Amino acid sequence: MNLFADIRALTVDALTNLAEDGLLPPGLDTKNVSVEPPRDAAHGDMATNAAMVLAKPAKKKPRDIADALAPRLMADPRIASAEVAGPGFLNIRLAPVVWQTVVGAVLAQGTAFGRSDMGAGQTVNVEYVSANPTGPLHVGHTRGAVFGDALASLLEYAGHTVTREYYINDAGAQVDVLARSVYLRYLEAHGEAVDFPDGTYPGDYLVPVGQALKAKVGDVYVGKAEPFWLADVRAFATEAMMDLIRADLARLGVEMDVFFSEKSLYGTGRIEAAIDALRGKGLIYTGTLEPPKGKLPEDWEAREQTLFKSTDYGDDVDRPIMKSDGAWTYFAPDIAYHFDKTERGFDSLINVFGADHGGYVKRMKAAVAALTDNGVPLDIKLTQLVKLMRDGQELKMSKRAGTFVTLADLVEMVGSDVTRFIMLTRKNDAPLDFAVDKALEQSKDNPVYYVQYAHARVMSVLRKAAAQGIDVSDAALGAADLTKLDHAAEHALAGKLAEWPRLVEIAARTHEPHRVAFYLYDLASGLHGLWNRGNEEPSLRFLQEDVATSQAKIGLARAVSVVISAGLGILGVEPAQEMR
RNA sequence: GCACCCAUAGCUCAGCUGGAUAGAGCGCUGCCCUCCGAAGGCAGAGGUCUGAGGUUCGAAUCCUCAUGGGUGCGCCA
């Protein structure tokens, strides 16, 4: 149930009737007619801009249209009043029965209240994290993981069929570096003294990998030249790193559907097939790029390269797909990977990258647009940097200084729920200061606890009521006489609940899960407000003298907890039963 | 030099396919527990939405330019 969509449909019907009666020209385009919550509560429950949007095409004054529209809306039992205001807004007040219906719907549908069929089963591939398999995930990856996962859940909630996917860069030079580093740890496990030259990974996390390699193969690689062991060690090390990464993701409750190996694209003709697809469209050619403007790289010289004509699809320059030694650049397998995604039949693609990959957005979009003739949209969401703060000071991250903070460290410090919620209290493209000390504080300073507290309060009321022998099952509350919810403050809170399905659609459409977090904060605020008004107005307390009234009021509180629960579910956060 | 992202209250940030008098938290001032959890609530003060043009009935929102920050920029993925 989406109340705003319902009232919008009512409005459009009324406009159609006006046209049939000759009061408006026929065939007006109503797609820009909106029904929204007004910014100022004094303006009523909803407002429509219909009169202003249609004034020009109908060649009528906005107020005349609004005057004609108002009585048609008021004929509906759900509408208590419709008044013309301002430049031509129609402010709508809803009948009390509407709010009672909303609460009843939440109690009947549970966390499915707010689900949308907007996605219409469209398949979406969400690729996120995709960190190089060379070490544990760090704080930056954490934001990508949380964002991508919440976005995926949000899209599922809005009716899409979602695949969560991780692209493993296991074919480049950096996994050779990994293999050499593990080899050194392997020698160390055999008692050799080793040191780690530049261009190797000295991290302790490879010590157990070296030992595991020894346990597996004994000493067969000791004293052997690199070509003898490189491929084997690389495979072993990469697998070990992916185990590490999967374990890190599990700490956050992130579970991928697909891990896609870059290496699997090589030697199978799949890169060639993707490039051939572009060549077939006349988009591959041999040429020389202009030198970049401004400061030149020192060793710059003009070279002939195999290029993808990405400028035909909005990129700034054409991009090389093959190195001068004939090997593919990193971009070629990327193209092949996305070609593979489109061939798997996804209706749309989403990539979540760190902001430092912003420079690849245009070429990636160009590649997908070219491969699908603009048929499959690719949205790329960039997550900005995370700064960890403690006591107002930035925790500087430095591997050398030993202050490198990993995902595992962060989750260890503040827990998965707090990590996830805080990371989603900022828009993805805004930098995030993560105050580790504040995140653990149980106060209003901390939005996680504020929302959790609201949920816990409701649970507390339910426990208290149950102890008094009141049936507080959702079925019983839903069957209660909800007309007892007759106070404006209660209607206002129910109105917040009614916004939930609408918010889900907006958040899903814009690919912005942070909106869910802000909505939950707002909803929690509404509950806290009503709760405290009960201090001064006993009739607003949830527990009343008679059972029937109690059940109605508890029903409202329960409905709030259900929606909080649904929202937290999308964010991947467990609702609190009580605060401790 | 070019591209992308960003600029909203003292601070940290929301702001809905353009909508009415721009919101929240922190901080500041003053209130509210014989009462379901005060880990909360209420009220007040605080704004040329970086600047200048443009489109529109209407711009924080869209377009152009400027200023100030961040990120990236041909054989690293």
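Throughout, a chain's letter reflects where its sequence line sits, starting with A, and its residues are numbered from 1. If you're wondering where the values come from, they're calculated on a predicted model, not measured in any experiment.
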* Do you know which of Leu503(A), Val504(A), Leu568(A) makes side-chain contact (heavy atoms from CB on, under 4.5 Å) with Val516(A)? -> Leu503(A)
* Asked: So Trp531(A) and Phe542(A), side chain to side chain contact (heavy atoms under 4.5 Å, CB included) or not? Walk me through it.
  -> CA-CA 8 Å; Trp531(A) 183 290; Phe542(A) 298 115; 3.7 Å; yes
* Structure fact -> Rounded to the nearest 0.5 angstrom, the OG1-CG distance for Thr288(A) and Leu307(A) is 8.0 Å
* Distance in angstrom units between Arg515(A) CZ and U17(B) C1', rounded -> 11 Å
* Within the modelled atom types, does a donor on one side and an acceptor on the other bring the side chain of Asn532(A) and the base of G40(B) under 3.5 Å apart? -> yes
* Could you point out which residue of Ile350(A), Val361(A), Val368(A) forms a side-chain contact (heavy atoms from CB on, under 4.5 Å) with Leu378(A)? => Val368(A)
* Restricting to pairs with a member in residues 424-437 of chain A, which pass side-chain hydrogen bond (donor to acceptor under 3.5 Å, both in side chains), not counting sequence neighbours? -> none
* Asked: Does any residue of residues 555-563 of chain A have a heavy atom under 4.0 Å from RNA chain B, and if so, which ones, in number order?
  -> none
Are there any protein N/O atoms within less than 3.5 Å of an N/O atom in nucleotides 9-13 of chain B, and if so, which ones and at what distance?
| unit_1 | atom_1 | unit_2 | atom_2 | d |
| --- | --- | --- | --- | --- |
| U12(B) | O2' | Arg426(A) | NH1 | 3.2 |
| C13(B) | O5' | Arg426(A) | NH1 | 3.2 |

* Give Asn169(A) one of three labels, base, sugar-phosphate or nothing, depending on what nucleic acid heavy atoms sit under 4.0 Å from its own. => sugar-phosphate
* Mind calculating the distance between CG (Leu424(A)) and P (A14(B)) to the nearest angstrom? => 12 Å
* Can you list the residues that meet the ring pair (Phe, Tyr, Trp, His ring centres under 6.0 Å) rule with Phe259(A), with sequence neighbours excluded? -> Tyr166(A)
* With rounding to the nearest 0.5 Å, note down the distance linking CG in Leu523(A) to CG in Leu493(A). => 6.5 Å
* Check: His511(A)/Asp379(A) side-chain N/O donor and acceptor closer than 3.5 Å -> yes
* To do: Please figure out whether Val53(A) or Glu36(A) has its closest RNA chain B nucleotide nearer the 5' end.
  => Glu36(A)
* Asked: Ile271(A) CD1 to A77(B) C1': how many Å, rounded?
  -> 13 Å
* **Within residues 54-66 of chain A, residues whose heavy atoms come under 4.0 Å of RNA chain B** => Lys56(A)
* Can you tell me how far C1' of C76(B) sits from NE2 of His357(A), to the nearest Å? -> 10 Å
* Non-neighbouring partners of Gln452(A) that pass side-chain hydrogen bond (donor to acceptor under 3.5 Å, both in side chains), sequence neighbours left out -> none
